[in-house]
There are 4 protein chains.
Amino acid sequence: MCTATNYTTKDHYFGRNLDLEFSYNEAVTVTPRSFPFEFRKEPALDTHHAIIGMATVVDGYPLYYDATNEKGLSMAGLNFPENADYKPEADGKTNITPFEFIPWILGQFETVAQARTALASLNLVKINFSDAYPLSPLHWIISDRNESITVESVKEGLKVYDNPTGVLANNPTFDIQSFKLNDFMHLSTYPPENRFSEDLPLDTYSRGMGAIGLPGDLSSSSRFVKAVFTKMNSVSGDSESESISQFFHILGSVAQQRGCVHVGDKFEITIYSSCCNTDQGVYYYTTYENSQVTGVDMHKEDLDGTALASYPLIKGQQIHMQN
Amino acid sequence: MCTATNYTTKDHYFGRNLDLEFSYNEAVTVTPRSFPFEFRKEPALDTHHAIIGMATVVDGYPLYYDATNEKGLSMAGLNFPENADYKPEADGKTNITPFEFIPWILGQFETVAQARTALASLNLVKINFSDAYPLSPLHWIISDRNESITVESVKEGLKVYDNPTGVLANNPTFDIQSFKLNDFMHLSTYPPENRFSEDLPLDTYSRGMGAIGLPGDLSSSSRFVKAVFTKMNSVSGDSESESISQFFHILGSVAQQRGCVHVGDKFEITIYSSCCNTDQGVYYYTTYENSQVTGVDMHKEDLDGTALASYPLIKGQQIHMQN
Amino acid sequence: MCTATNYTTKDHYFGRNLDLEFSYNEAVTVTPRSFPFEFRKEPALDTHHAIIGMATVVDGYPLYYDATNEKGLSMAGLNFPENADYKPEADGKTNITPFEFIPWILGQFETVAQARTALASLNLVKINFSDAYPLSPLHWIISDRNESITVESVKEGLKVYDNPTGVLANNPTFDIQSFKLNDFMHLSTYPPENRFSEDLPLDTYSRGMGAIGLPGDLSSSSRFVKAVFTKMNSVSGDSESESISQFFHILGSVAQQRGCVHVGDKFEITIYSSCCNTDQGVYYYTTYENSQVTGVDMHKEDLDGTALASYPLIKGQQIHMQN
Amino acid sequence: MCTATNYTTKDHYFGRNLDLEFSYNEAVTVTPRSFPFEFRKEPALDTHHAIIGMATVVDGYPLYYDATNEKGLSMAGLNFPENADYKPEADGKTNITPFEFIPWILGQFETVAQARTALASLNLVKINFSDAYPLSPLHWIISDRNESITVESVKEGLKVYDNPTGVLANNPTFDIQSFKLNDFMHLSTYPPENRFSEDLPLDTYSRGMGAIGLPGDLSSSSRFVKAVFTKMNSVSGDSESESISQFFHILGSVAQQRGCVHVGDKFEITIYSSCCNTDQGVYYYTTYENSQVTGVDMHKEDLDGTALASYPLIKGQQIHMQN
């Protein structure tokens with residue numbers, strides 16, 4: 001399904017794996033400040049923060065999967081089947097459709113704190129983009145350099161959770177997903193000590209044994225645990241090369257290899273992995289078959305303009321031959 | 001520590017992760033047919049098969065970590081501490097040092113079957129390359145398109161195991177390492193069925209749940225199980241781009257992220273990942289910080305020459321900017 | 001901490017392990033129909049169903065841990081620290097203290113359905129029994145032959161969950177505890193089939209391998225999973241001897257052995273295990289040190305009386321010597 | 001299948017679970033000193049140490065499953081399918097059949113050290129007791145108060161392993177079975193500390209969480225790990241009642257409940273559990289349906305006699321009614 005994370009060195013980075021069995025022709029898409037963001041039930045934003053991220057553009061509208069605005073606020077939607085529950089229009093609430101949610105947040109706010117305040121009156125209203133593009137069941141992570149939150153619209157209403165991990169996967173609901181981390185608190189990046197029995201001569205026969213018990217399957221709750229472990233323990237230099245390399249390694253720890261997850265006749269794979277330097281506005285990505293990091297810099301676009309800029313993904317393996 | 005694997009589509013591929021906390025200035029190294037391979041206790045090979053692989057070249061001698069010869073036979077040495085036991089020189093045996101083992105096998109043989117025959121009289125003799133380059137405790141995987149074997153010199157003597165997985169990690173000894181796979185036989189790439197209790201309404205809440213129980217830590221025995229699962233279930237097209245992409249994804253499933261494995265004050269990481277097309281003689285690699293695939297083609301070298309050709313690794317992230 | 005379960009053959013059985021590091025002088029206690037049940041905030045029950053169960057009697061009041069009434073309705077309270085949240089007195093609600101909860105339910109109702117209806121207006125009010133006997137943080141399982149429910153008073157209010165497992169342990173809250181079962185749905189009492197890879201010759205080297213992955217530690221969520229697996233798959237004859245033997249084996253699967261769970265300087269152990277034949281009104285128990293089944297038959301008491309009948313536990317091992 | 005263990009307080013205790021889907025009419029059997037022990041290929045022992053244990057007596061010969069001699073040396077045979085390999089008669093060796101092995105060892109030796117010496121020349125010869133009683137594939141644990149060894153006759157020959165755990169289950173071979181303990185060295189009877197990430201507020205929501213990861217299924221290798229954990233961490237008083245209670249709790253931690261292990265149409269269950277006070281010569285047991293401890297004291301028999309004394313198992317639940 002998907003995994004999102006963030007990571008901070010000198011700059012702050014935000015990104016995700018998109019795990020699916022098909023692709024929607026998503027492209028790196030820059031929305032400039034004067035692109036008119038219209039909303040089904042709320043007034044349009046004629047000017048707003050510029051946004052860069054991955055989107056499928058349909059009828060001129062950027063359906064963002066994950067994105068960052070020019071202030072560094074970032075947001076991603078991840079699959080949340082069986083749990084996502086969108087609502088009828090509600091009086092006295094701000095009625096935003098799920099496909100408008102990323103533009104609405106990133107268009108206006110600079111921090112998670114501001115977003116959290118706005119969420120108090122939000123109603124995620126059940127209106128399809130179109131018959132051809134019905135709503136996906138999603139939940140969201142919103143991050144800035146200082147904090148992250150998870151937003152879920154479920155049967156009981158809209159839930160906003162502090163997310164100290166900065167990581168999100170899919171099901172179950174975030175309270176259950178987070179609770180599971182408690183069961184792994186004794187795992188460590190350090191070599192294990194013998195706590196089993198001091199009377200037995202046990203052997204640390206390999207490096208890495210301190211984390212035995214960490215799950216390695218590709219279910220959403222296992223990916224969450226593994227990604228949190230990898231991210232929370234990550235160490236790297238703070239150069240751009242070192243930072244984004246470490247970021248893609250975090251995502252790589254929960255990537256989906258073709259063949260490992262059957263979906264009917266197809267296989268779910270990591271279609272793309274993204275990593276946005278949210279301070280510099282540069283969006284990097286790799287695809288399942290192209291492991292070279294490709295980048296798009298929002299500041300090289302005309303951010304005061306009105307037209308979307310869209311960069312199709314480079315998907316074939318870009319091999320550099322040394323001889 | 002390390003993980004090696006192979007993979008077959010139209011062509012046959014062989015490679016490995018090298019996981020360490022430091023680097024020995026290893027380089028992609030081509031040994032042509034007339035490079036004189038001398039051995040400490042056996043006659044030299046004046047002409048032999050050409051070899052490509054990763055090596056540290058010391059005093060003009062290629063200390064190969066993993067390599068493939070022009071006939072497609074491949075071999076890799078992996079760390080095997082506490083278990084590797086090298087022997088005194090033995091009369092009536094072929095006395096080869098561990099650092100000569102890859103050249104001796106790949107220099108002469110075309111198939112695993114031939115290598116297996118030669119191993120019957122082999123003695124891995126305990127002679128350091130030099131005081132500065134003492135022997136490493138290693139075991140080896142030897143693969144061709146049809147089969148793989150694991151070779152271990154332990155206290156009881158030289159053991160040669162059929163290796164139907166084509167995968168090797170580190171400790172424990174291969175018999176124990178392989179036995180562990182039995183404990184995971186019920187794991188699957190397909191969605192789980194409820195076998196727990198037909199009277200309980202259990203929910204397949206995520207894709208990938210059929211493999212819950214697969215280990216995700218970075219100990220050698222867990223990496224072995226996870227790599228075997230990923231490799232044995234791998235699916236890809238058979239083009240070069242698709243094949244090597246899948247290969248690097250298999251290795252990525254057991255890559256070591258910086259911060260996850262403490263070794264004193266340092267961290268063990270995946271220094272490089274390699275993938276050799278053993279039919280074409282092209283050796284591809286990525287490094288921890290350079291995710292672009294770089295290649296070296298042995299057939300572009302003078303394979304009838306006497307001089308080693310060496311290509312230092314390109315280690316910085318090679319970012320392609322789209323705008 | 002504790003585990004409760006039920007089991008049905010010809011008759012219906014209900015019981016629990018009490019896991020603690022100390023004992024409160026609990027005794028098998030029969031409350032006859034005319035014992036005056038007074039409540040702090042509600043009218044007394046002058047006559048009610050007779051009850052048998054384990055209780056500490058304080059100042060003439062039976063503080064029941066688990067009990068069954070003469071109609072076969074059963075109920076047990078289990079430790080629920082950090083989660084139990086009792087409330088101030090609430091107008092328009094039925095205000096019952098946690099220590100009154102078992103008498104109030106079992107005194108009046110014959111079925112879970114009736115209890116569920118009554119729970120709709122229940123408020124578990126925060127009133128200690130006395131300074132010396134403050135409230136314990138508890139949640140409850142209520143069972144009859146046909147169904148079970150779990151009742152939790154948490155911060156958000158009183159929650160009543162259907163409990164198709166008939167099993168309850170401790171933390172986390174029942175929704176999270178139950179959700180975890182999904183992760184084990186592929187485990188089975190049957191021998192495993194090789195789903196890992198049809199190309200590897202894996203071996204069913206032992207009976208019982210179909211459930212590899214079932215947890216065996218003594219944390220509450222692991223005990224819940226193991227007890228549910230054992231109970232849902234239990235098979236026995238339907239005689240009294242066979243039924244209660246199987247019941248105690250279910251509880252034995254999650255018993256706590258002295259030494260395995262440190263609580264400061266002490267150890268949490270299974271103080272007693274109980275099994276009540278809810279159709280016959282016979283309460284059986286074993287203790288940590290007395291594995292012989294001891295029984296008390298409520299129908300041998302004067303159930304129309306007003307006085308509690310109390311049977312102290314026989315705690316020493318009752319060895320039968322054959323020679 | 002089976003689990004054997006020992007335990008030491010003031011006295012030394014030795015016993016086992018016998019897990020099978022059927023029973024052979026085994027009985028507690030005392031062999032006095034002058035019962036003539038004949039051997040197929042070796043001279044008879046006309047006088048020997050007296051022995052008490054569980055045996056099926058066939059044609060006047062006690063086929064012991066587990067036993068202890070009057071000197072306190074103890075021994076048990078456990079199922080070892082696919083691995084046990086008995087040999088042809090060998091010149092220059094002591095040729096003992098597997099069914100004679102327990103009498104031969106316990107008849108002559110007082111300590112494990114003595115037994116180990118004798119094993120140096122032992123050959124376990126493949127001779128059936130009779131057509132109706134063919135050999136079972138077994139391996140053995142031999143224990144005294146100070147040490148334990150495991151004896152396996154496999155394809156490579158007779159192996160004698162030090163067994164510092166004092167525990168034995170079934171497959172795989174003891175070297176592999178023991179190696180697995182290393183993977184659990186970080187588990188503890190103490191509450192877990194948060195080693196996962198100091199930046200996450202993880203919660204010790206239950207007692208017993210320090211051992212999360214301990215297996216709870218009934219396969220032989222999982223039972224071995226769980227039994228070793230329970231035994232090595234066991235704590236009890238040293239009275240007879242406390243000691244044997246703790247012993248049966250250790251065995252209870254790996255008991256097999258009916259329904260949890262399918263064997264064709266039947267179920268493997270713990271037929272009996274035994275605990276012999278090896279210092280006092282008292283053999284205690286429980287059965288699947290009789291949880292009361294029953295005992296037989298070898299010193300109440302005529303140990304200088306020639307006739308076996310046999311006590312059929314009391315199998316029905318022996319309920320003590322308190323009213």
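Chain A is the first sequence line, chain B the second, and so forth, proteins listed ahead of strands; every chain is numbered from 1.
- Side-chain contact, A/Gln322 with B/Thr294: no donor N or O sits under 3.5 Å from an acceptor N or O.
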**Request:** Kindly indicate, with the supporting measurements, whether the criterion side chain to side chain contact (heavy atoms under 4.5 Å, CB included) is fulfilled by A/Asp217 and B/Met209.
**Result:** CA-CA 7 Å; A/Asp217 66 282; B/Met209 288 176 62; 5.9 Å; no
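- Within the 4.5 angstrom heavy-atom criterion, only side-chain atoms of A/Tyr285, from C-beta onward, approach chain B.
- Within the 4.5 angstrom heavy-atom criterion, no atom of B/Ser243 approaches chain A.
- To the nearest 0.5 Å, the span separating OG1 on B/Thr204 from CG on A/Asn171 amounts to 11.5 Å.
- The contact between B/Met1 and chain A is made entirely by side chain atoms (from C-beta outward), counting heavy-atom distances below 4.5 Å.
- Under 3.5 Å, the side chains of A/Ser206 and B/Ser219 contain no donor-acceptor pair of N or O atoms.
- Contact tally against chain A (heavy-atom pairs below 4.5 Å) for B/Gln317, B/Arg207, B/Arg223, B/Met232: the top residue is B/Arg207.
- Residues B/Gln257 and A/Ser253 bring no donor and acceptor atom of their side chains to less than 3.5 Å of each other.
- For the atom pair OH (A/Tyr284) and OG (B/Ser291), the distance works out to 12.0 Å, reported to the nearest 0.5 Å.
- Rounding to the nearest 0.5 Å gives a distance of 10.5 Å between OH of B/Tyr288 and CD of A/Glu242.
- The closest side-chain donor-acceptor pair between B/Ser241 and A/Glu289 falls under 3.5 angstrom.
- Summarising the geometry, atom OG belonging to A/Ser220 is positioned 5.5 Å from atom OH belonging to B/Tyr205; distances are rounded to the nearest 0.5 Å.
- By number of non-hydrogen pairs under 4.5 angstrom with chain A, the leading residue of B/Asn323, B/Leu214, B/Val293 is B/Asn323.
- Contacts with chain B were tallied for A/Cys260, A/Ala211, A/Gly316; A/Cys260 has the most, counting heavy-atom pairs under 4.5 Å.
- The candidate with the highest count of non-hydrogen atom pairs below 4.5 Å against chain B, out of A/Ile250, A/Asn170, A/Thr286, A/Ile314, is A/Ile314.
- Using a 4.5 Å cut-off between heavy atoms, B/Val225 does not touch chain A at all.
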